[in-house]
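First the structure, in the form of structure tokens, and then the observations on it.
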Protein chains: 2
Amino acid sequence: MTDTERTAFEVVRRREAGKDGGEPDGGLFAIEESLGYLMNYAARAFSRELSPRLAAHGARMGQWAVLMFLWAQDGQTQRELSREVAIEDATMVRTLDRMERDGLVRRERNPRDRRQINIFLTEKGWALRDTLVPEAIEGNRSASRRLSEDERRQLLDLLGRVIGALEEQPRG
Amino acid sequence: MTDTERTAFEVVRRREAGKDGGEPDGGLFAIEESLGYLMNYAARAFSRELSPRLAAHGARMGQWAVLMFLWAQDGQTQRELSREVAIEDATMVRTLDRMERDGLVRRERNPRDRRQINIFLTEKGWALRDTLVPEAIEGNRSASRRLSEDERRQLLDLLGRVIGALEEQPRG
DNA sequence: AGCTAACAATTAGCATACTTATTACTGGTT
DNA sequence: AACCAGTAATAAGTATGCTAATTGTTAGCT
């Protein structure tokens with residue numbers, strides 16, 4: 001019954017303690033070695049932290065990244081946005097549908113190339129900047145609460161290099 | 001047009017280079033400071049790497065974690081599994097539905113407490129261990145390709161501490 | 001001009017995550 | 001025994017991600 005309080009992370013810790021040596025790869029796959037698993041776990045934990053903060057102002061997680069890039073440069077095409085945010089075009093379409101529904105952005109067909117659609121922030125979309133940014137800062141602060149400034153920087157650097165390694169993959 | 005090749009990660013790099021100083025928090029929220037954004041990005045990049053590897057053997061990402069914990073201890077209840085994997089009960093239900101559909105696990109109502117359901121691996125579920133584990137190892141190797149062994153260990157450690165910080169949150 | 005290849009957005013279908021509400025069951029209290 | 005609070009699983013609805021296929025548009029070639 002006390003077992004129900006256990007999380008994967010604690011399991012990781014337990015295994016690390018009770019590890020009874022052996023071949024590095026040949027035996028049981030060690031979950032504490034799984035970078036992918038931990039990254040996914042950390043990302044979800046962070047999402048659980050930030051999500052309600054954004055929701056309090058009527059924004060969702062998936063909209064946050066799009067907003068950041070639009071604040072930096074308004075009027076980008078969907079394709080440009082999906083490349084920047086690094087999600088598929090099809091995913092961007094649905095995210096923008098919801099943002100349009102929520103009155104955060106406006107779609108405008110490009111008259112010079114009618115295949116393209118430029119996305120413009122509405123007043124409401126611009127206004128969210130002042131309320132959302134502090135929430136994100138607070139969320140990040142909470143996540144790095146146990147890290148020194150050096151460690152935080154190093155984590156960002158290491159994550160960046162992991163992303164770089166994964167993105168340059170041949171994909172053959 | 002060359003712009004369409006840009007990804008968020010490259011944008012991060014560009015901003016880092018051309019950063020024109022200022023207040024640490026008051027001005028434009030700097031995306032390169034966003035730990036949460038980078039963790040989410042890294043997790044998705046990893047998923048794009050591992051997902052097809054697992055799919056080649058008929059398994060999905062969400063099933064991978066469940067399988068790992070079942071291989072370590074077969075016959076756990078759904079509640080125990082969702083605590084370990086650190087996803088909600090409701091999410092576990094659907095993941096197990098798909099795993100049952102795919103013939104990887106079997107549900108068995110606990111006769112001593114009919115509220116509980118114990119999950120048992122099928123032969124097919126057990127067999128996947130030998131094929132899936134090498135794929136996961138290869139995926140992890142690919143993700144940490146550009147890191148030294150020390151750096152890899154440190155990344156795991158830092159992620160663990162971020163998770164710890166986020167999970168002990170008051171949640172009031 | 002007409003054909004074709006590439007491109008931008010979309011649709012459709014699936015997987016995985018969340019929250020909230022419901023159902024079935026258990027165990028303890030009266 | 002009857003009741004009630006808590007527990008385990010599920011259902012319902014939404015968000016976000018993916019792939020594959022489709023639609024409309026553009027631009028380049030013949």
Side-chain angles (χ1 to χ4, degrees), chain A residues 1-5 40-41 43-52 54-56 58-66 76-83 85-102 107-119 171, chain B residues 1-5 37 40-52 54-56 58-66 76-83 85-102 107-119 171:
Chain A
M1 290 298 179
T2 63
D3 234 32
T4 52
E5 287 311 314
N40 177 264
Y41 189 170
R44 282 186 298 109
F46 181 79
S47 168
R48 281 192 290 265
E49 155 71 32
L50 184 55
S51 216
L54 300 181
R60 319 296 155 82
M61 269 312 250
Q63 308 181 348
W64 165 243
V66 178
Q76 299 189 65
T77 66
Q78 299 193 189
R79 173 59 53 91
E80 284 168 345
L81 278 174
S82 50
R83 290 283 200 274
V85 178
I87 60 176
E88 292 303 312
D89 296 332
T91 303
M92 183 57 74
V93 168
R94 306 248 293 249
T95 296
L96 290 172
D97 286 347
R98 284 183 291 264
M99 293 177 79
E100 209 177 16
R101 177 201 65 191
D102 298 347
R107 276 179 161 108
E108 204 171 291
R109 192 123 237 156
N110 187 329
R112 284 185 300 172
D113 185 342
R114 293 187 43 73
R115 288 171 302 184
Q116 299 182 356
I117 293 186
N118 296 95
I119 307 296
R171 274 315 217 154
Chain B
M1 289 297 180
T2 62
D3 233 33
T4 52
E5 286 312 316
Y37 180 73
N40 177 265
Y41 190 171
R44 282 187 298 108
F46 182 79
S47 168
R48 282 193 290 265
E49 155 70 31
L50 184 55
S51 214
L54 299 182
R60 317 298 153 82
M61 267 314 247
Q63 307 181 348
W64 166 243
V66 178
Q76 300 189 65
T77 66
Q78 298 193 187
R79 172 59 52 91
E80 285 168 344
L81 278 173
S82 49
R83 289 284 200 274
V85 177
I87 61 176
E88 293 304 312
D89 297 332
T91 303
M92 182 58 73
V93 168
R94 305 250 291 254
T95 296
L96 289 172
D97 286 346
R98 285 184 290 265
M99 293 177 78
E100 207 176 18
R101 177 202 65 190
D102 297 347
R107 275 178 162 108
E108 204 171 291
R109 192 121 235 157
N110 187 331
R112 284 184 300 173
D113 184 342
R114 291 186 46 72
R115 288 172 302 185
Q116 300 183 352
I117 293 185
N118 296 94
I119 307 296
R171 272 314 216 155

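Hydrogens, waters and symmetry mates are skipped; everything else that's a heavy atom, side chains included, is used. Numbered from 1 within each chain, the chains take letters A, B, ... in sequence-line order.
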Which nucleotide in the list [options] gets nearest to the side chain of [X]?
X: B:R94; options: D:dT14, D:dA9, C:dT11; value: D:dT14
X: A:R109; options: D:dG17, C:dA15, C:dA9; value: C:dA9
X: A:Q116; options: D:dG17, C:dA9, D:dA11; value: C:dA9
X: A:Q78; options: C:dA9, C:dT16, D:dT10; value: C:dA9
X: A:A90; options: D:dA15, C:dA15, D:dA20; value: D:dA20
X: B:R114; options: C:dA15, C:dT26, C:dT10; value: C:dT26

Is the distance from OP1 or OP2 of [N] to the nearest side-chain N or O of [X] less than 4.0 Å?
X: B:R60; N: D:dG17; result: no
X: B:T91; N: C:dC18; result: yes
X: B:R79; N: C:dC25; result: no

Just call it for A:E88: base, sugar-phosphate, or nothing, with non-hydrogen atoms closer than 4.0 Å on any strand.
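Base contact - A:E88 has a heavy atom under 4.0 Å of at least one base atom.
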Angle between the two end axes of the helix from C:dA1-D:dT30 to C:dT30-D:dA1, five base pairs per end, rounded to 10 degrees?
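Axis angle across the helix from C:dA1-D:dT30 to C:dT30-D:dA1, nearest 10°: 10°.
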Give me the distances for all protein-to-nucleotides 4-6 of chain D N/O pairs that come in under 3.5 Å?
from, atom 1, to, atom 2, distance (Å)
D:dG6, N2, B:R115, NH1, 2.6

Quick check: do B:R60 and B:T95 have side-chain heavy atoms less than 4.5 Å from each other?
no
Taking the side chain as every heavy atom from C-beta outward, state whether B:M61 and A:N40 have any atom pair closer than 4.5 Å.
no
For A:N110 and A:D89, find the nucleotide of DNA chain D closest to each by heavy atoms; which residue's nucleotide sits nearer the 5' end?
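With A:N110 and A:D89 compared, the 5'-side residue is A:D89.
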Both A:R101 and B:S82 contact DNA chain D. Taking the nearest nucleotide for each, which residue is further toward the 5' end?
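First, find each residue's nearest nucleotide; the 5'-ward one identifies B:S82.
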Rounded distance in Å - CG (A:L96) to P (D:dT16)
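A:L96 atom CG is separated from D:dT16 atom P by 11 Å.
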